[in-house]
Amino acid sequence: MAAWTAHDIPDQSGRTAVVTGANSGIGYVTARELARRGARTVLACRSEERGGAAVGRLLTEVPGAHAEFRALDLGDLASVRRFADQFDSARLDLLVNNAGVMALPYRRTADGFETQFGVNHLGHYALTGLLLPRLMETPGARVVTVSSGLHALANLDIGDLNSERNYRRWVAYARSKTANLLFTHELARRLAATGAGTVAATAHPGYASTNLQSAGPRMEGRRGAERFAALANRLVAQSAAAGALPTLYAATAPGVRPDAFIGPGPLGWRGAPTRSWRAKWTRNDVAGERLWAASEGLTGVRYEGLKST
């Protein structure tokens, strides 16, 4: 993995990729670089205005690219189902579950879930399940879910997934990122049990300069916290382009193993992609099964054709 960069992305011609939250930040960079290497890239975004603008920007930066916007609101399961129903490609080589929210004040999704758990985990759980038949039919397909090194701040509370008893924004965020890793762990186990060749992996960007850090303070009008986040991004964070490299590595590099967790090294906050440390609870089979069952019950999405473990 030494010094792996976007120039090392293999040719993606003939492949189709879906990237959620691709209108800005590492999601946009991921979509752009996949398109640059020849993939037909679908930018799945909540806002039609921002998603359309991102496609226009991408086509300016990569003339001749195959890129398009499709509406997807991960905080609304009806929107997730509509996206999957209207996805018209006969093949799907790559699903990048990138979209996310961070450290927001307590809010609920359209379906009544705490927003961070609902968007970061449940929306992607549902989307992956609805698109899985297409992925399993496509040789060499991958599902890459973007987690965070901050998952280590908190394990899941399976009895309070929606943080109804005691909401702490950073703990809720960490739990949603733990859920991303546990989901991938269990998905990888179930794919292996089924004999499917689809690879499920995770990645994290380290500390990358995006608008994710300032969204929560902006929602609450905490201007001091918003300014501090912007200053930290300028002084400490790596660029969104660098932060996207672990995702692009997990999505395209040869030899990525199921349930891999790729991040920037060597300290986990900036640098070239490498295998990343993860909390031991993210490899717990029993916890993975319990989260899977809860997610299935909350979303109503069953993974057809996939054997349970």
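Please read these numbers as outputs of a predicted model, since none were measured by experiment.
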Residues E186, R283: salt bridge by 4.0 Å N-O rule: no

Are F69 and F83 co-members of a hydrophobic cluster defined by side-chain heavy atoms under 4.5 Å apart? no

Any chain of hydrophobic side-chain contacts (each under 4.5 Å) joining V19 to V256? yes

Suppose the criterion is salt bridge (charged side-chain N to carboxylate O under 4.0 Å, His left out): which pairs have a residue in residues 13-32, not counting sequence neighbours? R15-D93, R32-E61

Contact between L187 and R189 at the side-chain level, heavy atoms closer than 4.5 Å - yes or no? no

Kindly assign one of parallel, tilted or perpendicular to the pair F183 and W292, based on the angle between their ring planes and the thresholds 30° and 60°. parallel

In one Ile/Leu/Val/Met/Phe/Trp/Tyr side-chain cluster, 4.5 Å: L191, L127: yes

Quick one: list whatever passes ring-ring contact (aromatic ring centres under 6.0 Å, His included) with Y28, sequence neighbours left out. none

Between E114 and R107, is there a side-chain N and carboxylate O pair less than 4.0 Å apart? no

Is there side-chain contact between R40 and S89, with heavy atoms separated by less than 4.5 Å? yes

Kindly give the heavy-atom pair with the smallest separation between A174 and L153, and that separation in Å. CB-CB, 3.7 Å

Side-chain (R142) to main-chain (L94) donor-acceptor, under 3.5 angstrom: no

Backbone N or O of A103 within a donor-acceptor pair of the Q116 side chain at under 3.5 Å? yes

Quick check for you: to the nearest 0.5 Å, what is the distance between L95 atom CG and L132 atom CG? 9.5 Å

Salt bridge or not for E33 and R36, using N-O below 4.0 Å? yes

Measuring from S163:OG to R169:CZ, what's the distance to the nearest 0.5 Å? 12.5 Å

Do F87 and V42 make a side-chain contact, defined as non-hydrogen atoms from C-beta onward lying under 4.5 Å apart? yes

Between N284 and N155, is there a side-chain heavy-atom distance shorter than 4.5 Å? no

Quick check: closest heavy atoms across D8 and A3, and the distance to 0.1 Å? OD2-O, 4.0 Å

Closest heavy-atom pair, L72 versus A44, reported as atoms and distance to 0.1 Å, is CD2-CB, 3.7 Å

Side chains of P246 and P264: does their closest heavy-atom pair fall under 4.5 Å? yes

Partners meeting side-chain contact (heavy atoms from CB on, under 4.5 Å) with D73 (sequence neighbours left out): R46, D76, S79

Would you say T198's side chain and A141's backbone share a donor-acceptor pair under 3.5 angstrom? no

I'd like to know if K280 pairs up with D285 as an ion pair, taking the criterion as any Lys NZ or Arg NE/NH1/NH2 lying under 4.0 Å from an Asp or Glu carboxylate oxygen. no

Does R37 use its side chain to pair, donor to acceptor, with the backbone of I9 at less than 3.5 Å? yes

Distance, nearest 0.5 Å, that separates NE2 of H66 from CG of L59: 10.0 Å

Taking Y303 as the starting point, is it possible to reach L298 by hopping between hydrophobic residues whose side chains are less than 4.5 Å apart? no

T194 side chain to K307 backbone, donor-acceptor under 3.5 Å: yes

For the rings on F117 and Y125, is their centre-to-centre separation under 6.0 Å? no

When rounded to the nearest 0.5 angstrom, what is the spacing between OG1 in T30 and CG in L248? 4.5 Å

Assess whether side chain to side chain contact (heavy atoms under 4.5 Å, CB included) is satisfied between H151 and T282, documenting all intermediate values. CA-CA 9 Å; H151 78 275; T282 67; 3.7 Å; yes

What distance separates L291 CG from E289 CD, expressed to the nearest 0.5 Å? 11.0 Å

Decide yes or no on side chain to side chain contact (heavy atoms under 4.5 Å, CB included) for L122 and H124, but give the supporting numbers first. CA-CA 5 Å; L122 289 177; H124 281 129; over 6 Å; no

Distance-only, no hydrogens or angles: does the D157 side chain make a donor-acceptor pair with backbone N or O of L161 under 3.5 Å? no

Keeping T202 on the side-chain end and A260 on the backbone end, is there a donor-acceptor pair under 3.5 Å? yes

Could you check whether any side-chain heavy atom of R81 comes within less than 4.5 Å of a side-chain heavy atom of L130, counting everything from C-beta outward? yes

Closest non-hydrogen contact found for A241 with V29 is CA-CG1, 3.8 Å

When you look at Y106 and R108, which way does the side chain to side chain donor-acceptor pair (under 3.5 Å) test go after all the steps? CA-CA 7 Å; Y106 192 87; R108 290 184 180 270; 3.3 Å; yes

Do W281 and L156 have side chains that get closer than 4.5 Å, going by heavy atoms? no

Between T178 and A154 (side chain of the first, backbone of the second, donor and acceptor by atom type, cut-off under 3.5 Å), is there such a pair? yes

Take the angle between the ring planes of W170 and Y173 and call it parallel below 30°, perpendicular above 60°, tilted in between. perpendicular

Minimum heavy-atom separation for P10 to T252, with atom names? CG-O, 3.4 Å

Would the number of heavy atoms belonging to other residues, nucleotides or ligands and lying under 6.0 Å from CZ of R91 be above 12? yes

Are H121 and S295 close enough that a side-chain donor and a side-chain acceptor fall under 3.5 Å? yes

Rounding to 0.5 Å, atoms CG (L34) and OG1 (T247) come to a distance of 10.0 Å

Would you confirm whether T109, through its side chain, and F113, through its main-chain N or O, come within 3.5 Å as a donor-acceptor pair? yes

Any donor and acceptor pair, going by atom type alone, linking the side chain of S239 with main-chain N or O of A242 inside 3.5 Å? yes

Following the transitive rule for hydrophobic clusters with a side-chain heavy-atom cut-off under 4.5 Å over Ile, Leu, Val, Met, Phe, Trp and Tyr, establish whether I26 and L43 coincide in one cluster. no

Which of these passes side chain to side chain donor-acceptor pair (under 3.5 Å) with N97: T128, T20, N120? T128

What's the verdict on side chain to side chain contact (heavy atoms under 4.5 Å, CB included) for F261 and R275, showing C-alpha distance, side-chain angles and the deciding distance? CA-CA 6 Å; F261 187 33; R275 287 180 294 275; over 6 Å; no

Can you list the steps and then say if R70 with E48 is a side chain to side chain contact (heavy atoms under 4.5 Å, CB included)? CA-CA 8 Å; R70 295 287 181 92; E48 182 174 357; over 6 Å; no

So do the side chains of H204 and N180 get within less than 4.5 Å of each other, counting heavy atoms only? no

Minimal heavy-atom distance between L245 and T5, with the atoms involved, is CD2-C, 4.0 Å

